[in-house]
There are 2 protein chains.
Amino acid sequence: MGRPSAFDREQAVDDVMHMIWRDGYEASSVKALSEKLGITRSSFYNAFGTREALFKEVLEQYCKQSPDFALALATPPIDVKMLLTLVFREACAARAADPEGRGCLAINSVAELCNQDEELGPVLESLVLGSINQIQTVLNWGVASKEFPRDLDTHALALCLQNLLIGLNVMCKVVKDEAELLLTAETTLKALGMYEYGLDEVDED
Amino acid sequence: MGRPSAFDREQAVDDVMHMIWRDGYEASSVKALSEKLGITRSSFYNAFGTREALFKEVLEQYCKQSPDFALALATPPIDVKMLLTLVFREACAARAADPEGRGCLAINSVAELCNQDEELGPVLESLVLGSINQIQTVLNWGVASKEFPRDLDTHALALCLQNLLIGLNVMCKVVKDEAELLLTAETTLKALGMYEYGLDEVDED
DNA sequence: TCCTTTTTGTACTTGACTGTACAAAACAAT
DNA sequence: ATTGTTTTGTACAGTCAAGTACAAAAAGGA
């Protein structure tokens, strides 16, 4: 019923995602976004309401394809060290593979908008806090399954791992060599006792 | 000779620093900066030339008062673990003490401008690379003084420590409790074997 | 006092961006 | 084909920002 949209909404959100990823949120004006999509601002407002609303859609879509999404998908029973090792490898590979060195859209947005944007700041804040909680949950599975000792401080460790991931997502903008990023991740992971050895000749696709 | 400037340049750079710290570089227009300083854009251009030039001045001034500046000031002989422990404590305290949760001006700018701004990107890039090198140099002093074993991988460790610092400087925007930041820093530092115990009841002014 | 130098304020031109309003266009359902 | 619904393009009115030009103002030095 009614006139159908002339553009593919999924595709549009994806296009916008890459633009905001590159340029940042504030630099992506309604005018610029509309032009990128090949539609008028009028259609933009009609289809998405506000820039903030679209950003939330973009963020959701981004999360589902981010290199650490495996952490959110995991269900017990699971080899936690292996999961962490693979997630961090994937993160390093993904960040180094980006020829534009954009880092992580979510973390870029945290740096830009947290404690700054009334509406989007809290959204990003709970995204990060949720991620820390998810890591802690996964670590708790490892304790429950006896992979880790009973007295492991999973909260402290979750903070460290999230912090490691955030650091990599920013440092990759400067340290562009995958081997260097991997060295950073694996050295810290090993120190924290969260590295799975014996994965070196296994194909982890 | 000639008419003297109506404003204190040092003070002006400091004011601008706090504005860019809060709002970010791109959000700090020449108009906004000029108004903050109580001068006209005309005077702004006359005094600072370009926004980029002023930012470089701001960045220099920022670095000299950043919580990790002690790393740049250090000279051997020095207790490296103690230096690192104190620097990270100071960083956590400083980030948590900021009621506006602005994080680190330098790292915010890296996230915003690296691989994005033709002129400022490289400046920030070499700032971070220089910091990694400085950390590695300090670690090497520790090896030379036998504080650390001869085979310590100081390059890998320097990357980890810089990454830890970057992570804290972003994560503090979300995790605002100093104790949580400290837990993150100290847990990672201990894991990396870079934590100086026995400082707990020492006054580190 | 006069001259030189530098800063300062005003003005102008130009371009970007926002949000809304309104009519035309396109389609689905009846 | 008519009706109803939604999208789309154009237009408008308003704000903000950039960079330059030029004259006025304010000093210091001779």
Side-chain angles (χ1 to χ4, degrees), chain A residues 1-59 108-109 112-113 116-121 123, chain B residues 1-59 108-109 112-113 116-121 123:
Chain A
M1 61 235 344
R3 180 174 173 177
S5 200
F7 61 95
D8 177 6
R9 192 188 178 93
E10 290 249 2
Q11 182 60 48
V13 172
D14 201 67
D15 287 347
V16 162
M17 180 183 99
H18 284 283
M19 179 162 184
I20 295 181
W21 199 347
R22 180 204 324 264
D23 300 338
Y25 176 72
E26 288 300 350
S28 303
S29 65
V30 171
K31 179 176 162 62
L33 292 169
S34 303
E35 279 170 2
K36 172 99 179 181
L37 297 180
I39 63 177
T40 61
R41 281 181 302 125
S42 186
S43 296
F44 180 95
Y45 285 117
N46 180 65
F48 303 110
T50 65
R51 205 159 115 260
E52 291 81 23
L54 175 55
F55 179 77
K56 290 178 193 169
E57 271 190 64
V58 162
L59 195 59
N108 293 349
S109 303
E112 182 183 3
L113 300 172
Q116 186 75 21
D117 186 290
E118 290 278 308
E119 183 176 354
L120 266 20
V123 172
Chain B
M1 53 221 7
R3 179 174 174 179
S5 198
F7 62 94
D8 177 5
R9 191 187 179 93
E10 291 247 2
Q11 182 61 47
V13 172
D14 201 68
D15 287 348
V16 162
M17 180 182 99
H18 285 283
M19 178 161 184
I20 295 181
W21 199 346
R22 180 205 323 266
D23 301 338
Y25 175 72
E26 287 301 349
S28 302
S29 64
V30 171
K31 179 175 163 65
L33 292 169
S34 303
E35 279 170 2
K36 172 99 178 183
L37 297 180
I39 63 177
T40 61
R41 281 181 301 128
S42 185
S43 296
F44 180 94
Y45 286 116
N46 180 65
F48 303 109
T50 63
R51 203 156 116 261
E52 291 80 23
L54 175 54
F55 179 77
K56 289 178 193 170
E57 271 190 63
V58 163
L59 195 60
N108 293 350
S109 303
E112 184 182 2
L113 301 172
Q116 186 76 20
D117 186 290
E118 289 278 307
E119 183 176 354
L120 266 20
V123 173

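A note on names: the letters A, B, ... follow the listed sequences, proteins ahead of strands, and every chain is numbered from 1.
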Peer 1: Measuring from B/Asn46:CG to B/Thr40:OG1, what's the distance to the nearest 0.5 Å?
Peer 2: 9.0 Å
Peer 1: Give the rounded distance in Å between these two atoms: OH of B/Tyr45 and C1' of D/dC22.
Peer 2: 17 Å
Peer 1: What is the distance, to the nearest angstrom, from the CG atom on A/Leu54 to the P atom on C/dT18?
Peer 2: 13 Å
Peer 1: Nearest whole angstrom, please: distance from the P of D/dA23 to the CG of B/Asn46.
Peer 2: 17 Å
Peer 1: So which atom in B/Leu120 and which in B/Phe55 form the shortest heavy-atom distance, rounded to 0.1 Å?
Peer 2: CG-CD2, 3.6 Å
Peer 1: Using whole Å, report how far CZ of B/Phe48 lies from C1' of C/dT8.
Peer 2: 14 Å
Peer 1: Just the rounded figure in Å: distance from C1' of C/dT18 to CZ of A/Arg51.
Peer 2: 10 Å
Peer 1: With DNA chain C as reference, determine whether B/Ala47 or A/Ser29 sits nearer its 5' end, using the nearest nucleotide of each.
Peer 2: B/Ala47
Peer 1: How close or far is atom P of C/dC17 from atom CZ of A/Phe44, stated in whole angstroms?
Peer 2: 13 Å
Peer 1: For DNA chain C, find the residues of residues 36-43 of chain A with a heavy-atom distance under 4.0 Å and give them by number; none if there aren't any.
Peer 2: A/Arg41, A/Ser42
Peer 1: Using a 6.0 Å cut-off, check whether atom CD of B/Glu118 has over 12 heavy atoms from anything other than its own residue.
Peer 2: no
Peer 1: If you measure from CG on A/Asp15 to CD on A/Gln11, what distance do you get to the nearest 0.5 Å?
Peer 2: 4.5 Å
Peer 1: To the nearest angstrom, how far is A/Leu33 atom CG from C/dG19 atom P?
Peer 2: 12 Å
Peer 1: Heavy atoms only: give me the nearest A/Arg51-A/Tyr25 pair and the separation to one decimal.
Peer 2: NH2-O, 3.5 Å
Peer 1: What is the separation between atom CD on A/Glu26 and atom C1' on C/dC17, rounded to the nearest whole Å?
Peer 2: 13 Å
Peer 1: Would B/Glu35 and B/Lys31 pass as an ion pair if we require N to O under 4.0 Å?
Peer 2: yes
